Amino acid sequence: MEISTKYDPKDIEGKWYDYWLEHKFFASKKDESKEPFTIVIPPPNVTGVLHMGHILNNTIQDILIRKARMEGKNACWVPGTDHASIATEAKVVRMLREKGIKKSDIGREKFLEYAWEWKEKYGGIILKQLQKLGASCDWDRTAFTMDEKRSEAVIDMFIHLYEKGDVYRGLRIVNWDPEAKTVLSKEEVIYKDLNSKLYFVKYKVVETGELLTIATTRPETILGDTAICINPKDERYTHLHGKTAIVPIANREVPIILDEYVDMEFGTGCLKVTPAHDENDYNLGKKHNLEVIDILNDDGTLNEKAGFFVGEDRFVVRKKIAKQLEELGHIEKIEDYKNQVGTSERTGAVIEPKLSEQWFLAMKKLCEPALKNVMNDAIQFHPPSFKNMYKSWVENIQDWNISRQLWWGHRIPAYYLPSGEFVVAKSFEEAYAKALTINPSLKKEELKQDEDVLDTWASSWLWPISLFDKDELDYYYPTSVLVTGFDIIFFWVMRMIIAGYELKNEKPFEHVYFTGMVRDKLRRKMSKSLGNSPDVFKLMDKYGTDGMRYGIMASSAAGNDIIFDTEVPKSQKQEDVDAFALTEPDSKLCETGRNFSNKIWNAFRLIKSWEVDENLPYQSETAVQWFRAKMNKTLAEVEKQYTQFRLSEAISNVRALIWDEFCSNYLEMIKPDYDQEAKKSLPIDKETLATTLAFFDELMRLLHPFMPFITEEVWQNLTPRKAKESICIASYPKAEAFDNQIISEAESIFEIVQNINNIRNEKQLKKSLELDLFFNAKDTDLYTQKFASTIQKLGKVGKISPVQASTLEPSKTISFVVKDAEFFIPLELEIDVEEEKAKILKEIEYQKGFLNSVEKKLSNERFVNNAPPQVIEVERKKKADAEANIKVLEESLGSL
RNA sequence: GGGAUCUUAGCUCAGCUGGUUCAGAGCAUCUCGUUUACACCGAGAGGGUCGGGGGUUCGAAUCCCUCAGGUCCCACCA
């Protein structure tokens with residue numbers, strides 16, 4: 001069978017994924033005899049597409065779940081999508097607008113039809129994309145935050161919290177998104193630095209006729225002013241206490257009130273108070289019993305209450321009003337001013353604070369177990385430093401505004417009577433029955449359900465609970481680990497913890513693994529708008545999915561940001577971004593991953609090419625013993641790294657084991673010689689081949705969680721497999737006790753080989769030139785028996801024999817020292833003896849310096865008294881080694 | 001303003017409980033090599049005062065203080 005020298009992942013990946021699906025290897029059923037290992041996917045937006053953040057996140061989940069599955073646990077990874085209320089609704093609105101349809105014209109029902117249609121069309125694309133990534137989810141469990149089961153859970157939770165008294169309606173200043181025409185929670189508001197203007201507006205004081213200057217960035221809101229506020233301690237304005245002022249344009253008389261809230265240092269020390277459009281002003285208004293004039297419509301235009309500029313957008317009005325104020329002589333000056341302006345996370349629109357009646361959830365009490373159980377590590381954060389961030393969030397939590405003025409979402413199960421009273425119930429029928437107890441003559445059509453829907457996170461927070469049927473829940477819950485970005489600690493992680501303790505009195509997950517943000521070379525977060533996110537499918541095509549998985553994992557310590565070394569646009573100018581979009585993404589990390597795949601592929605080719613000679617004796621005992629020990633040592637290290645979620649270290653370790661130890665060392669050690677005449681390799685003995693195949697098998701199983709496709713392909717072809725077998729359900733390798741002695745012996749052998757190679761390089765010797773090696777050491781067998789063939793093969797050495805230095809011609813011999821043994825290589829060329837002497841002297845000097853420092857340590861009484869015995873033991877050994885080394889070097893010097 | 005976190009080789013980063021000569025890996029650079037699995041390869045080399053200063057300790061990249069710089073989160077912003 002001819003096997004290509006290049007590994008081509010293209011057909012292989014799809015083939016095996018289909019195979020896995022066909023045999024339902026990823027399906028999980030409740031089974032009390034098996035330990036569950038559960039992960040719930042952070043549900044991506046239903047209409048989203050796969051980007052680098054998802055790749056990182058889901059690769060980690062896949063690694064953890066695949067390993068657990070191989071370990072014989074009942075691995076259950078539940079996939080699904082989020083309805084993403086505001087984001088999806090915004091997309092549907094835009095789509096309809098392009099068709100010339102306005103949301104308000106078609107009404108709720110028709111709009112939802114369009115939305116569901118949209119969801120059916122584009123929803124779940126991302127799940128297909130996850131399959132390309134190799135995600136081993138139990139696809140039969142695929143859930144959606146707005147499907148029947150999840151909806152029921154959301155409504156039940158609302159009713160539960162309402163009946164407990166935690167959910168209430170309240171009139172508050174809220175963050176209003178005039179584009180989406182909905183309220184947002186304060187976490188959905190992103191503050192951006194903007195260059196704006198600070199307008200100094202003059203107000204006339206009624207009693208004195210003087211002009212009082214007030215600084216504002218939002219002059220249009222003067223139409224809603226209902227007071228002027230000064231600090232009672234401000235001596236500049238003492239004479240104005242109890243006076244009134246006239247709001248320009250509106251010509252409204254408003255009181256001048258006193259409050260220490262006002263910062264005397266800022267602006268002029270006078271504050272205009274607009275209770276309907278600023279939270280602080282609202283609080284002042286409440287305190288001082290001020291009138292509240294709401295001048296804005298839902299879409300950000302001014303309403304009749306403003307009295308002027310009715311129907312015009314707030315930003316248009318800002319300019320117009322500034323101009324008019326100027327013409328009226330009411331502007332003292334306008335300064336450039338940098339301030340932060342709240343914008344909507346989803347629509348980008350500038351947020352308007354607005355007085356509005358909304359549903360809230362009281363959070364303080366609910367948070368108590370959520371804080372406690374993170375701080376005491378009942379739920380473990382990785383890395384733990386995120387506990388601090390979490391703590392500050394939870395401690396400063398405010399009531400959660402859970403209502404949204406949208407249609408795409410879970411409609412609030414509150415029903416209003418014409419009287420304004422309301423009932424909360426699971427269905428209209430129940431609500432009607434309840435309503436009748438308030439008003440026995442109520443007609444059905446008089447009972448109206450609340451128009452609002454719930455915040456998206458009000459369904460996501462139930463995700464780990466709502467994914468499982470009642471009879472499964474106690475088995476799968478709490479889940480094992482949550483893998484997510486730290487940017488949604490507050491939105492999601494905290495709320496899931498709260499819901500978990502509220503509903504189940506149990507944590508939702510044992511561990512939380514926080515990934516960093518994927519950034520470009522300029523350390524900018526990858527985003528669509530910057531155009532700096534590489535096309536993940538191009539990456540998969542170019543490097544293979546395994547290669548890309550390797551690339552992203554190799555550099556992703558938990559919580560650390562990943563600098564994804566992709567080409568980026570030179571600037572944010574549109575033409576640069578466009579030009580970038582046309583170039584192919586590139587990444588060194590993925591390239592390493594692809595190269596690694598190829599290395600494995602070629603090791604596989606090599607082993608497959610060997611022919612067995614049944615009569616040959618077992619030839620590779622030493623190599624086998626060494627590699628077995630080395631592998632077990634690495635297995636133990638990797639296992640530890642898994643438990644600490646140090647996956648990038650684990651994958652590097654596995655790579656080094658396979659590439660450096662197995663391919664570069666072990667295979668070279670056992671590789672049969674080449675028969676020059678027959679132009680092919682000599683045969684191998686059957687025992688060595690069988691063991692090597694077993695090693696390779698084990699290595700593939702070790703690597704499988706990281707690189708599932710190539711490992712399956714190789715594993716399937718290594719030895720004949722039965723139908724329905726797969727590496728993804730094969731056993732995960734377990735570390736066994738290993739012999740440290742042989743590892744350190746082999747290390748000195750490799751050091752000898754390295755010295756020989758070094759000499760070859762320095763003396764520019766041809767690789768084909770066979771060298772002879774003489775040595776002077778106590779343990780002769782180590783070099784002439786046990787590791788003789790290793791030295792011969794790896795160092796391209798002929799004879800190896802013990803010898804006295806003095807018997808060799810110094811001017812034609814090069815020497816080196818490894819541990820306490822001296823080695824000599826006679827060469828056919830003159831050696832610069834002085835140069836050799838200098839080299840040895842330098843080495844002696846170094847060793848003596850080292851010895852000196854060790855002796856100093858050992859003669860220090862405080863060290864000997866305080867250091868642990870094993871540390872002292874190590875120092876003693878170091879001393880002995882150095883002394884032996886120096887002795888050998890000095891002998892060597894003497895012989896020159 | 002409050003808090004977190006980082007600063008180690010040209011670049012990206014490991015370095016875990018202070019303890020081996022602990023100063024490391026990958027990439028990049030340079031030299032050499034096409035022979036027999038792999039040039040997506042192999043053999044080598046160079047490269048760091050661990051941000052600066054101080055302290056604790058027998059011992060510090062690691063702990064503490066301080067200064068400088070970066071990043072992130074929160075709060076305020078008329």
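Quantities reported herein were computed from a predicted structural model and do not represent experimental measurements. Chain letters run A, B, ... following the sequence lines, proteins first, then strands; residues in each count from 1.
When all heavy atoms are compared, the tightest approach of A:L371 to A:E395 is CD2-CG, 4.1 Å. Counting all heavy atoms, side chain and backbone alike, A:L794 lies closest to A:N665 at CD2-OD1, 3.9 Å. The two residues A:V262 and A:G269 make their nearest non-hydrogen contact at CG1-O, 3.3 Å. When all heavy atoms of A:G224 and A:P275 are compared, the pair lying nearest together is O-CD, 4.1 Å.
Contact annotation: the side chain of A:H288 never approaches that of A:V273 to less than 4.5 Å [non-hydrogen atoms, C-beta and beyond]. Counting heavy atoms from C-beta on, the side chains of A:I600 and A:M700 come closer than 4.5 Å.
Of the possible donor and acceptor atoms, one in the side chain of A:W601 sits under 3.5 Å from a partner among the backbone N and O of A:S4.
If you check every strand for non-hydrogen atoms under 4.0 Å, A:T217 touches sugar and phosphate atoms only. Using a 4.0 Å heavy-atom criterion, one finds that A:K186 contacts the sugar-phosphate atoms exclusively. Using a 4.0 Å heavy-atom distance criterion, A:Y550 is classed as making no nucleic acid contact. Across all strands, A:I607 comes closer than 4.0 Å to no nucleic acid atom at all (heavy-atom distances). Using a 4.0 Å heavy-atom cutoff across all strands shown, A:V864 reaches no nucleic acid atom at all. Within 4.0 Å (heavy atoms only), A:F490 reaches no atom of the nucleic acid at all. When heavy atoms are screened at a 4.0 angstrom cut-off, A:D281 is found touching no nucleic acid atom at all.
Among the nucleotides B:C58, B:G26, B:C77, the one closest to any side-chain atom of A:T592 is B:G26. Closest to the A:N388 side chain, of the nucleotides B:C76, B:U5, B:G44, is B:U5. Comparing atom distances between the A:R655 side chain and each of B:G26, B:C16, B:C77 picks out B:G26 as nearest.
In this structure, the CG atom of A:N758 is 13 Å from the C1' atom of B:G46, given to the nearest Å. Here the P atom of nucleotide B:A75 and the CD1 atom of A:I397 are 12 Å apart, to the nearest Å. Look at CD on A:Q641: it is 19 Å from P on B:C13, rounded to the nearest Å. The CD atom of A:E395 sits 13 Å away from the P atom of B:A4 (whole-angstrom rounding). In this structure, A:Y543 atom OH and B:C27 atom P are separated by 14 Å, rounded to whole Å. Residue A:L647 contributes atom CG, which lies 18 Å from atom P of B:C13 at whole-angstrom precision. The nearest whole Å value for the distance from the CD atom in A:Q340 to the C1' atom in B:C73 is 12 Å. The interatomic distance linking A:I552 (CD1) with B:C13 (P) rounds to 14 Å, in whole Å.
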With pairs defined as Watson-Crick or G-U wobble and both distances under 3.5 angstrom, please note down RNA chain B as a dot-bracket string, | for pairing with another strand. (((((((..((((.....[....)))).(((((.......))))).....(((((..]....))))))))))))....

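We find that A:E649 and A:K640 are not joined by a salt bridge, their nearest charged nitrogen and carboxylate oxygen being 4.0 Å or further apart. Residues A:K793 and A:E668 are not paired through a salt bridge, judged by the lack of any N-O separation under 4.0 Å between the basic side chain and the carboxylate.
A perpendicular orientation is assigned to the rings of A:F266 and A:Y337, their planes being inclined by more than 60° (bins at 30° and 60°).
Taking atom C1' in both B:G51 and B:A39, one finds a spacing of 40 Å when rounded to whole Å. Distance check on atom C1': B:C77 versus B:C65 gives 34 Å, rounded to whole Å. For the C1' atom pair drawn from B:C64 and B:G46, the interatomic distance equals 37 Å after rounding to whole Å. B:C30 and B:U36 have their C1' atoms separated by 28 Å, given to the nearest Å. Atom name C1', nucleotides B:A23 and B:G48: the rounded distance is 8 Å, in whole Å. Separating the P atom of B:C72 from that of B:C63 is a span of 24 Å, rounded to the nearest Å. B:C27 sits 8 Å from B:C41 when the P atoms are compared, rounded to a whole Å. The gap from the P atom of B:U71 to that of B:A61 amounts to 28 Å, rounded to the nearest Å.
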Protein-proximity profile, nucleotides 31-40 of chain B, B/S/- by nucleotide at the 4.0 Å heavy-atom cutoff, equals ----BBBBSB

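Here A:R876 does not reach the OP1 or OP2 of B:U20: none of its side-chain N or O atoms lies under 4.0 Å away.
Partners of A:F662 under the ring pair (Phe, Tyr, Trp, His ring centres under 6.0 Å) rule, at least two apart in sequence or in another chain, are A:F627, A:Y666, A:F696.
Taking for each of A:M264 and A:K640 the nucleotide of RNA chain B with the nearest heavy atom, the 5'-most of the two is the partner of A:K640.
Of the candidates A:F486, A:F645, A:Y642, A:Y513 forms a ring pair (Phe, Tyr, Trp, His ring centres under 6.0 Å) with just one, namely A:F645.
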